[in-house]
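One-based numbering, in listed order, for ligands and for the atoms of each. Predicted model only: the values in this text are computed from it and were never measured.
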Amino acid sequence: MIDFVYSNAEREMATFGFDAVTRSHCRMCHGGCGTLVYTKNGKVAKIAGDPECPIAHGTLCSKGLASAELAYHPDRLTHPVKRIGPKGSGKWQQISWDEALDLIAEKMLGYKERFGAESVVFGYGTGRENEAAIYRMANLFGTPNGLTAGHLCYGPRISTGIITCGSNPVVDYENDPQCVMVWGNNLVIANSDEYKGESLSNCLDKGAKLIVVDPRLTRLAARADIWLQLRPGTDAALALGMLGVIIDEELYDKEFVAEFVHGWEPFVARVRGYPLDRVAAITGLAGDDIAAAARLFATAKPAGIQWGVAIEQQINCADNNRLLMALMGITGNIDKPGGQVLFRTPRIRNVGKFGAHDMLSQEQEAKRLGGERFRLAGNFGIINPKCVWDAIVSEQPYPVKMLFFISSNPIMTRANAAAVVEALNRVEFMAVADFFITPTAELADVVLPAATWLEMDYIGDFWKRHGYILPRRKVVQIGECRSDHDMLNDLAHRIGQGEFWWDDFEQGLDYILEPMGITWQQFKQMHYVRGEVEYEKHKQRGFSTPTRKFELYSTRLEKWGYDPLPSYREPTESPISTPELFKDYPYILVTGARSPGFFHTENFQVGALRETQPDPLLEIHPETAAKHGIADGQWVVIESPRGKVRQRAKLFGGILPGVVGAQHAWWYPEMKESGHGWAESNINVLTEDAYESCDPAMGANSVRTLLCKIYRDPDQRSPGEREKTR
Ligand SMILES: Nc1nc2c(c(=O)[nH]1)N[C@H]1C(S)=C(S)[C@@H](COP(=O)(O)OP(=O)(O)OC[C@H]3O[C@@H](n4cnc5c(=O)[nH]c(N)nc54)[C@H](O)[C@@H]3O)O[C@H]1N2
Ligand SMILES: Nc1nc2c(c(=O)[nH]1)N[C@H]1C(S)=C(S)[C@@H](COP(=O)(O)OP(=O)(O)OC[C@H]3O[C@@H](n4cnc5c(=O)[nH]c(N)nc54)[C@H](O)[C@@H]3O)O[C@H]1N2
Ligand code: SF4
Ligand SMILES: [Mo]
């Protein structure tokens with residue numbers, strides 16, 4: 001059966017004897033790529049790119065192609081299980097969905113009764129398109145505590161975007177930007193957020209100029225007209241320096257500034273505090289290079305900034321974002337075709353509306369953990385993870401008794417893993433929904449088997465800011481796996497939220513689509529829907545901010561007690577702020593640059609992907625490696641004041657001699673003992689979570705800018721070999 005028109009599909013079906021092909025939408029990362037999924041005898045037999053997908057145009061990455069290997073993996077959890085031994089014992093008993101959901105419901109209601117709804121924390125990790133349903137349940141339940149990665153990922157772009165110009169401006173690749181400045185991002189590997197690497201590559205192929213701001217030589221940096229290899233964590237200073245050049249040389253859009261900017265004069269005064277020589281000293285860059293990049297960006301029209309997560313995982317998180325928006329704004333690129341656009345989503349009930357944030361009482365909202373400390377985060381429903389771990393361990397400001405993680409593996413992905421493990425060991429009850437028994441799931445009381453994108457009907461790209469939505473169509477059923485939204489819909493009825501949910505989640509999809517006047521069954525027949533595209537909306541309506549202007553001087557931050565103007569702060573751990581520590585830990589550690597086959601902690605058990613990179617890699621400059629007698633491929637110990645882990649040396653001339661680059665989220669599913677080796681190579685054993693090391697408004701952890709030492713490990717065995725002899 002072919003449920004859409006695509007001539008090649010018919011030929012493929014006949015040639016290979018497939019039974020059916022379904023058009024769907026991958027979500028092995030943040031999603032975005034349209035797929036054609038061929039089945040044979042009721043199983044997925046082949047996945048191909050959908051050439052008509054407006055986001056990826058038929059391209060897929062290795063993770064998308066390996067989706068079926070993950071879905072049918074023999075270790076995959078296909079039934080709910082309950083732990084029957086001590087935490088971490090690995091002893092599980094299969095139970096029914098009814099039993100699992102009844103148990104979770106009983107615990108939720110019991111803790112709410114005894115300790116308040118806030119004692120139950122819902123958690124998820126990066127955007128996996130289940131956030132709307134999770135928020136709906138949490139808000140209706142009355143807990144303000146949704147623990148996400150939003151404090152250090154994407155949340156800062158959204159929240160600073162809203163307070164600066166009403167939304168998150170993204171590059172309009174479809175209208176040929178003439179210059180792209182890629183800042184702390186590696187789109188051709190990460191394919192993160194709105195657009196895929198393909199869009200950027202196409203635009204460069206057409207001749208757009210490229211500026212890259214990255215401490216490592218990435219593929220994009222190698223292709224750049226100007227590569228600024230700055231000292232990690234000094235982005236705010238660099239942006240201030242570039243703004244200074246643009247202002248001094250009057251390269252800014254005077255009309256935009258006069259008509260639409262709030263706070264121009266104090267902003268200019270602040271920028272003047274960062275002359276090029278000062279900025280050069282902070283960043284380690286040549287003043288001439290900074291000026292050349294500023295001129296190129298300001299004079300190419302239209303131009304855009306492809307910004308990534310590296311600028312968010314720093315103490316300057318919020319100000320970095322605001323400064324990059326200042327660069328977009330004063331160069332006149334905001335909401336221009338081919339510039340940086342505030343796209344509209346189609347007329348659906350979006351994540352915020354579906355998430356029922358308006359149903360959480362003010363009284364409960366005021367109890368959000370860390371809401372008083374990190375006010376920008378708190379006002380956008382985001383919390384810093386340490387607040388949760390502390391509330392479990394010290395019961396301050398109130399006890400947290402239950403965690404429910406739906407798509408997250410915090411032991412591997414949150415700063416200071418030892419503190420996470422302690423909290424997860426201490427919490428009274430923990431439920432997890434996942435594909436596998438991960439290091440985090442090992443400490444749960446109940447684990448629910450989650451469905452992959454191949455096993456669900458949903459609306460793809462629901463939360464993104466490019467304005468598209470695409471149908472994700474269910475292709476197969478595997479074991480008893482259920483999608484998160486379906487599972488939550490069922491649970492909702494058991495905790496007294498039935499009236500706000502549906503008999504079947506298909507009606508929930510209808511509810512999301514209702515404002516557009518279509519049902520899921522109708523949407524399913526469609527290819528995609530895009531929101532109305534309109535440029536320079538501010539010319540009619542101003543910006544959606546308190547002053548209706550583009551706020552370089554933030555009235556919201558001022559109201560919340562912060563400096564309304566952006567500035568540069570030195571990382572709390574650095575050669576400059578902690579010279580004593582630097583003597584013992586003489587390298588700057590950057591963590592987390594993405595590798596193509598893995599998605600955070602995902603896919604380490606998928607053979608086709610793990611084969612491409614069997615071990616975690618630490619990038620070290622050859623001169624540095626030589627100093628320590630480290631050869632390429634050897635196991636190296638990386639140590640910070642918080643702990644040590646091992647990764648293999650990758651000698652790499654593209655990193656500064658004073659900087660080393662470690663991968664994050666590595667665990668070893670094949671190691672059945674010792675918690676799957678969660679502590680062997682997990683770089684978050686080394687990262688810092690003290691509140692003072694976080695961005696003061698957003699609570700972002702500085703996981704990219706730490707100090708460490710390195711040495712060749714005298715024990716050169718792999719973690720697996722070491723486990724055998726334990
Ligand atoms: N040191 C350091 N730490 C970092 C980063 C870094 O750069 N450096 N990056 C940070 C960033 S940007 C982020 S976003 C976080 C990510 O942090 P997390 O999102 O917590 O990432 P994962 O650990 O991969 O957790 C996802 C888990 O959910 C499961 N899963 C996947 N899809 C689904 C689904 O649809 N439903 C359910 N129920 N489960 C699913 C996966 O199997 C996996 O076990 O990590 C952060 N941690
Ligand atoms: N394959 C794969 N794809 C992914 C993910 C994954 O785990 N694997 N994770 C997804 C998620 S949740 C996210 S948030 C995105 C992230 O994707 P991106 O935003 O592209 O982030 P990274 O690749 O982590 O880092 C981008 C670049 O930042 C550089 N960098 C490090 N420190 C600094 C610094 O201080 N300043 C500057 N300017 N640059 C710095 C790194 O060298 C790296 O090249 O990727 C998503 N896509
Ligand atoms: S980039 Fe993401 S959505 Fe596209 S194929 Fe890869 S994993 Fe799937
Ligand atoms: Mo992320």
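Taking the ring centroids of H73 and F436, they lie under the 6.0 Å cut-off.
Here D235 has side-chain heavy atoms under 4.0 Å from ligand 2, and that is the only part of it that gets that close. Both the backbone and the side chain of A190 come within contact range of ligand 2, each with a heavy atom under 4.0 Å. Under 4.0 angstrom from ligand 2, the non-hydrogen atoms of V309 come from both its backbone and its side chain. Contacts between C153 and ligand 2 below 4.0 angstrom, taking non-hydrogen atoms only, involve the side chain exclusively. Neither the backbone nor the side chain of A665 comes within contact range of ligand 2; no heavy atom lies under 4.0 Å. Heavy atoms of S595 found under 4.0 angstrom from ligand 2 belong exclusively to the backbone.
Any N or O atom pair closer than 3.5 Å counts here, and F598 shares at least one such pair with ligand 2. Considering backbone and side-chain atoms together, G592 places an N or O closer than 3.5 Å to an N or O of ligand 2. Considering both main-chain and side-chain atoms, T413 comes within under 3.5 Å of ligand 1 through a nitrogen or oxygen pair.
Cation-pi contact between R216 and F652: absent, since separation from the ring centre below 6.0 Å together with deviation from the ring axis within 45° is not met.
The shortest heavy-atom distance from V213 to ligand 2 is under 4.0 Å. For the ligand labelled ligand 2, residue C29 lies outside the 4.0 Å heavy-atom shell. The shortest separation from a heavy atom of Q313 to ligand 2 is not under 4.0 Å, leaving the residue out of contact. Not a single heavy atom of R231 sits under 4.0 Å from any atom of ligand 2.
Comparing H664, R594, Q314 against atom 16 (C) of ligand 2, the shortest heavy-atom distance belongs to R594. Of the candidates G308, A149, G184, G184 brings a heavy atom nearest to atom 26 (C) of ligand 2. Among D214, N316, L228, N185, the residue whose heavy atom lies nearest to atom 19 (O) of ligand 2 is N185.
A donor atom on one side chain and an acceptor atom on the other are not found under 3.5 Å apart for S192 and H30.
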